[in-house]
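All values below were derived from every heavy atom in this structure, side-chain atoms included, with hydrogens, water molecules and symmetry-related copies excluded. Chain letters run A, B, ... following the sequence lines, proteins first and then strands; every chain starts at 1.
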Amino acid sequence: MRDSFAIDLLGWYDRHARALPWRIGPADRAAGMRPDPYRVWLSEVMLQQTTVAAVRAYFARFTSLWPDVQALAAAPDAAVMAEWAGLGYYARARNLLACARAVAAQGGFPDAETGLRRLPGIGPYTAAAVAAIAFDRPAVVVDGNVERVISRVFAVHEPLPRSRPQIAALAATVTPQDRPGDYAQAMMDLGATLCTPRNPACGICPVIAHCEGRRAGIAADLPRKQAKPAKPTRRGVVFVARRTDGAMLLERRPDRGLLGGTLGWPGGDWSETPAPAHPPLAAQWTPLNTEVRHTFTHFHLILSVQIAHAAPDAEPDSGTFVPDFAPRSLPTVMRKVWDAAAPHFT
DNA sequence: TACCCGTGGGA
DNA sequence: TTCCCAAGGGT
């Protein structure tokens with residue numbers, strides 16, 4: 001009944017689809033080509049709450065190092081964590097590896113939503129997206145783009161996240177049985193390039209005739225969103241020790257919680273009222289006169305940095321001296337600490 | 001159900 | 001500077 005919406009959107013997609021490394025374009029799809037489910041899955045996980053621009057380089061490196069799911073499944077945990085460093089939301093990397101191993105053991109990806117949904121790191125969105133894009137299943141794909149487009153097309157006044165069930169129901173009414181993979185990607189492209197959060201390009205929108213929000217003059221104000229609480233500021237201390245041979249004292253964080261499973265500098269707790277921190281090593285510690293600032297999803301962090309030169313036979317209370325230290329293998333906040341400390345070791 | 005979980009770019 | 005936010009999932 002709402003087929004004309006999908007037809008108009010797909011007509012636009014046929015002419016304006018973005019070329020992306022993990023995508024099979026509409027012309028090739030029409031010729032019968034299908035994308036590699038491994039690449040679709042990998043890209044979807046990387047793209048969770050992450051921009052296309054940030055994902056490109058990581059996707060290229062991952063697919064170069066691990067061309068298929070069997071190769072990724074065989075990779076060491078530390079190698080995958082190191083390659084993911086800087087991309088954020090590190091639970092994704094741990095789940096990625098767990099998922100790859102499960103898929104490799106099963107002999108391949110499930111080709112439908114229900115089977116995909118059981119895999120680690122694959123939630124409602126990613127299951128639907130992989131089912132639609134890789135296997136042309138008519139799954140209802142709802143991500144942030146779709147929420148925005150649907151909110152505007154149907155003039156949904158209810159604010160997010162309360163409006164999610166309503167949006168999903170409305171999205172289902174316009175999802176076609178024909179070309180579901182192209183349709184899902186067309187919705188993403190529309191949301192990313194025209195139906196943007198600010199200053200939507202309604203003047204050149206292919207579905208403006210269907211847009212109730214535009215007709216009411218409120219498209220740019222949708223979707224409404226619940227106000228977010230302000231971020232508190234936490235403080236902490238980190239210790240950067242360099243051994244005479246160049247090895248750096250690093251510590252792998254526990255799998256759970258903030259920066260779970262990543263490598264970093266030993267230090268105290270991060271809190272609005274941190275307890276005094278104990279150095280991981282007996283040495284002469286010198287404070288840097290500059291602090292490191294970083295903002296996480298739900299708090300600001302100010303780190304003070306202590307540095308020391310460690311003896312060749314130094315035995316740390318916590319952490320391990322890493323001889324072939326690569327700053328790129330650290331999450332961004334820890335790399336910022338390195339950038340502040342490194343000049344003092346030269 | 002809320003809350004936790006990164007990062008970099010743009011306004 | 002500060003805030004928003006981008007192809008969400010786990011608990």
Side-chain angles (χ1 to χ4, degrees), chain A residues 18 20-23 35 39-59 81 84-96 98-99 116-134 139-149 160-162 164-165 167-168 171 181 183-193 195-199 220 223-234 253-262 264 270 293-301 328 330-336:
Chain A
R18 288 177 293 173
L20 298 169
W22 47 85
R23 173 179 285 182
R39 293 167 65 88
V40 172
W41 161 74
L42 178 61
S43 68
E44 289 300 341
V45 173
M46 287 183 166
L47 286 161
Q48 288 167 5
Q49 298 290 285
T50 309
T51 59
V52 167
V55 164
R56 283 183 183 276
Y58 285 84
F59 182 83
M81 294 308 293
W84 196 275
L87 198 54
Y89 285 135
Y90 296 95
R92 292 186 296 173
R94 302 193 303 274
N95 287 330
L96 186 83
C99 183
L116 289 160
R117 184 65 183 81
R118 295 190 193 100
L119 292 164
I122 298 187
Y125 162 73
T126 304
V130 174
I133 296 168
V140 179
V141 180
V142 183
D143 71 331
N145 289 304
V146 175
E147 286 180 347
R148 187 167 57 255
V149 171
L160 287 168
R162 268 207 310 284
R164 289 224 165 99
I167 289 171
Y183 173 81
Q185 295 175 95
M187 286 291 270
M188 319 256 189
D189 281 17
L190 184 70
T193 64
C195 197
T196 49
R198 287 172 294 239
N199 303 316
R224 294 183 54 205
K225 294 196 176 183
Q226 188 172 14
K228 291 170 185 171
K231 293 183 202 300
T233 297
R234 299 184 189 172
R253 301 170 67 90
D255 275 345
R256 302 269 180 164
L258 188 68
L259 303 176
T262 68
W270 298 346
R293 292 169 183 276
H294 189 74
T295 298
F296 292 100
T297 311
H298 54 293
F299 66 93
H300 303 289
L301 178 65
R328 202 188 66 190
L330 300 181
T332 298
V333 62
M334 296 298 177
R335 189 180 44 69
K336 285 184 182 176

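Across all strands shown, A:Leu259 has heavy atoms under 4.0 Å from sugar-phosphate atoms exclusively, and none from any base. Residue A:Gly191 is classed as having no contact, given no heavy-atom separation below 4.0 Å to the nucleic acid. Residue A:Val45 is out of contact with every strand shown, counting any heavy-atom pair closer than 4.0 Å. A:Leu20 comes within 4.0 angstrom of a base, heavy atoms only. A:Thr297 comes within 4.0 angstrom of a nucleotide base, judged by non-hydrogen atoms across all strands. Using a 4.0 Å heavy-atom distance criterion, A:Trp41 is classed as making no nucleic acid contact. If you check every strand for non-hydrogen atoms under 4.0 Å, A:Arg335 touches sugar and phosphate atoms only.
As rounded to whole Å, 19 Å separates atom P of C:dG9 from atom OH of A:Tyr90. To the nearest angstrom, P of C:dG8 lies 8 Å from CD of A:Glu147. Between A:Lys225 atom NZ and C:dG8 atom P there is a gap of 10 Å when expressed in whole angstrom units.
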Below 3.5 Å, can you tabulate the donor-acceptor pairs from side chains in residues 118-130 of chain A to any protein atom, sequence neighbours excluded?
residue: A:Tyr125; atom: OH; partner: A:Glu44; partner atom: OE1; Å: 2.6
residue: A:Thr126; atom: OG1; partner: A:Gln48; partner atom: NE2; Å: 3.0

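Protein chain A touches strand DNA chain B; the 5'-most and 3'-most nucleotides with an atom under 4.0 angstrom of its non-hydrogen atoms are B:dC4 to B:dG8.
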Handout entry: Residues A:His298, A:Phe296; criterion ring-ring contact (aromatic ring centres under 6.0 Å, His included); working and verdict
Key = CA-CA 6 Å; A:His298 54 293; A:Phe296 292 100; 7.7 Å; no
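Closest to the side chain of A:Pro124, from the set C:dG9, C:dA6, C:dG10, is C:dG9.
Judged by closest nucleotide on DNA chain C, A:Ala230 is the one of A:Ala230 and A:Pro120 placed further toward the 5' end.
Atom CZ of A:Arg293 has 12 or fewer neighbouring heavy atoms from other residues, nucleotides or ligands inside a 6.0 Å radius.
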